[in-house]
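Notes for the one structure printed next.
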Amino acid sequence: MKKLIVFDLDGTLAESKSAVDPAMSGLLHDLLAIVKVAIISGCGWPQFEKQVVAKLPHDERLTQLSLLPTCGTKFYQYSGDWKKLYEEDFTRDQRDKILSSLHKALAEAGYKVAKVWGEVIEDRGSQITFSALGQKAPLEEKNKWDPDYVKRKKIKAILDKLIPQFSVRIGGSTSIDITKPGIDKAYGIGKLRDLLHISLKEMIYIGDALFPGGNDYPAEKAGVDCIPVKGPEQTKQVIKTIIACLSDREQAA
């Protein structure tokens, strides 16, 4: 019997940097009525607030929801309001090393874009994220830039040599996430296990980047049962199936 359903955010519950739509919000609300839910993403807490928190009904079911920004280096739970349980940020030396290496990797990869929308490199405290077209780029432009991951895999390969002491993961539609060593979705999964006292066998992880090098792949390597999806519409069908299965088991019990 699964006790926790864990989701990626961008590309899984919502399109990149977009809010969950009303149908997804309703399905998550229904799911929270029967099982604990967690969302782990490379994005920061402000993005969680815009994409998820503001779109969910504010009732007692939120106590069943755990939110883990920046791959679990921050952890929020609800008890009348959203409370941060912990936060683990880079040191100044670590931040400087990552930023200088990222600039070198981008120069060596040779990828240039004609136009950007917003910040290209964002410091999220415990994670530094490169977004090729900027944080506020239109979704249609993002989807065209690197649909086969070739550009980001090249940048990642260079970064892996420059900063092997850090974790470098492909995320979103145009982004690369850099965290402390060992900080990835598996780290967030471990935090959920320890704080919620739920074993890995009692979890399901759902994400759109469960391929080697993708930022969801560490969840699979950690030993959690995983369901790969290709976007929010497929995720909706998965949630409906999970709700039906868990409901049937509860009735049978």
Side-chain angles (χ1 to χ4, degrees), residues 2 4-32 35-56 64-72 74-76 124 127 129 131 135 137 139-140 142-143 145-149 152 169-177 179 184-189 191-192 203-222 224-243 245-246:
K2 300 300 183 182
L4 176 65
I5 313 300
V6 187
F7 294 93
D8 169 49
L9 180 50
D10 281 353
T12 300
L13 290 176
E15 299 293 350
S16 180
K17 298 295 185 294
S18 301
V20 297
D21 64 26
M24 185 67 79
S25 175
L27 285 169
L28 288 173
H29 190 247
D30 291 344
L31 188 61
L32 286 166
V35 69
K36 290 183 182 295
V37 173
I39 304 173
I40 306 177
S41 172
C43 72
W45 176 247
Q47 202 65 38
F48 264 86
E49 291 183 298
K50 293 176 184 177
Q51 290 184 251
V52 181
V53 173
K55 300 302 178 181
L56 292 177
Q64 294 287 92
L65 178 62
S66 298
L67 300 178
L68 288 75
T70 52
C71 292
K74 297 179 176 68
F75 195 118
Y76 289 78
R124 298 174 179 171
Q127 175 177 297
T129 295
S131 299
Q135 290 291 325
L139 183 59
E140 59 271 21
K142 289 184 175 184
N143 289 338
W145 188 73
D146 188 30
D148 52 7
Y149 303 97
R152 284 175 290 165
R169 302 285 177 187
I170 294 170
S173 51
T174 64
S175 61
I176 292 174
D177 300 326
T179 63
D184 52 26
K185 295 291 178 70
Y187 180 84
I189 291 288
K191 288 292 189 179
L192 287 166
M203 302 180 190
I204 296 175
Y205 185 91
I206 300 166
D208 70 316
L210 282 162
F211 52 84
N215 68 353
D216 295 318
Y217 187 62
E220 183 170 300
K221 289 186 69 178
V224 177
D225 288 336
C226 293
I227 301 175
V229 293
K230 294 182 178 180
E233 292 307 311
Q234 188 174 4
T235 302
K236 290 173 185 175
Q237 297 306 314
V238 171
I239 294 174
K240 290 176 183 177
T241 301
I242 291 173
I243 290 172
C245 289
L246 292 179

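Throughout, residue positions are numbered sequentially from 1 according to the sequence presented.
- Remark: Ser131 pairs with Thr129, Gln135, Thr174, Ser175 by the side-chain contact (heavy atoms from CB on, under 4.5 Å) rule, at least two apart or across chains.
- Note that CG of Leu67 and CZ of Phe75 are 8.5 Å apart. Values are rounded to the nearest 0.5 Å.
- For Ile189 against Ile40, the heavy-atom pair with the smallest separation is N-CD1, 3.9 Å.
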Verdict with reasoning, Val229 to Val238, per side-chain contact (heavy atoms from CB on, under 4.5 Å): CA-CA 9 Å; Val229 293; Val238 171; 4.0 Å; yes
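- Summarising the geometry of Pro69 relative to Phe48, their closest heavy-atom pair is CA-CE1, 3.4 Å, with the distance given to 0.1 Å.
- Residue Arg169 holds its CZ atom at 9.0 Å from SG of Cys71, rounded to the nearest 0.5 Å.
- With rounding to the nearest 0.5 Å, the separation of CD1 in Ile239 from CZ in Phe7 is 4.0 Å.
- Expressed to the nearest 0.5 Å, how far CD of Gln234 lies from CD1 of Ile206 amounts to 10.0 Å.
- Pairs passing the salt bridge (charged side-chain N to carboxylate O under 4.0 Å, His left out) check and including a residue from residues 211-221, sequence neighbours excluded, read Lys185-Asp216.
- Remark: side-chain polar atoms of Ser16 are not paired, donor with acceptor, to backbone N or O of Ser173 under 3.5 angstrom.
- Between Val35 and Gln64, every side-chain heavy-atom pair lies at or beyond the 4.5 Å cut-off.
- Two residues are said to be in side-chain contact when any heavy atoms from C-beta on lie closer than 4.5 Å; Ile204 and Val6 fail this criterion.
- No donor-acceptor distance shorter than 3.5 angstrom exists from the side chain of Asp8 to the backbone of Gly11, with no hydrogens or angles considered.
- Note that OG1 of Thr12 is 8.5 Å distant from CE of Met24, once rounded to the nearest 0.5 Å.
- Remark: Thr70 engages Thr73, Lys74, Arg124, Ser126, Gln127 in a side-chain contact (heavy atoms from CB on, under 4.5 Å) (not counting sequence neighbours).
- Across Ser25 and Val20, no two heavy atoms sit closer than the pair CB-CG2, 4.4 Å.
- For Tyr76, the ring pair (Phe, Tyr, Trp, His ring centres under 6.0 Å) test picks out Trp45, with sequence neighbours left out.
- Residue pairs satisfying the salt bridge (charged side-chain N to carboxylate O under 4.0 Å, His left out) criterion with at least one member in residues 9-25, sequence neighbours excluded, are listed as follows: Asp10-Lys17, Asp21-Lys236.
- One finds the CG atom of Leu65 at 5.5 Å from the CD1 atom of Ile39 (value rounded to the nearest 0.5 Å).
- Every side-chain contact (heavy atoms from CB on, under 4.5 Å) that Arg152 has, sequence neighbours left out, goes to Trp145, Asp146, Tyr149, Ile170, Ile176.
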Test log, rule salt bridge (Lys or Arg N to Asp or Glu O under 4.0 Å), inputs Lys230 and Asp208: CA-CA 5 Å; Lys230 294 182 178 180; Asp208 70 316; over 6 Å; no
Evaluation steps, side-chain contact (heavy atoms from CB on, under 4.5 Å), between Val37 and Ser66: CA-CA 6 Å; Val37 173; Ser66 298; over 6 Å; no
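- In this structure, Asp30 and Lys240 have side chains that are not in contact, with every pair of non-hydrogen atoms separated by 4.5 Å or more.
- Residues Gly42 and Asp177 share a closest heavy-atom pair of CA-OD2, 4.1 Å.
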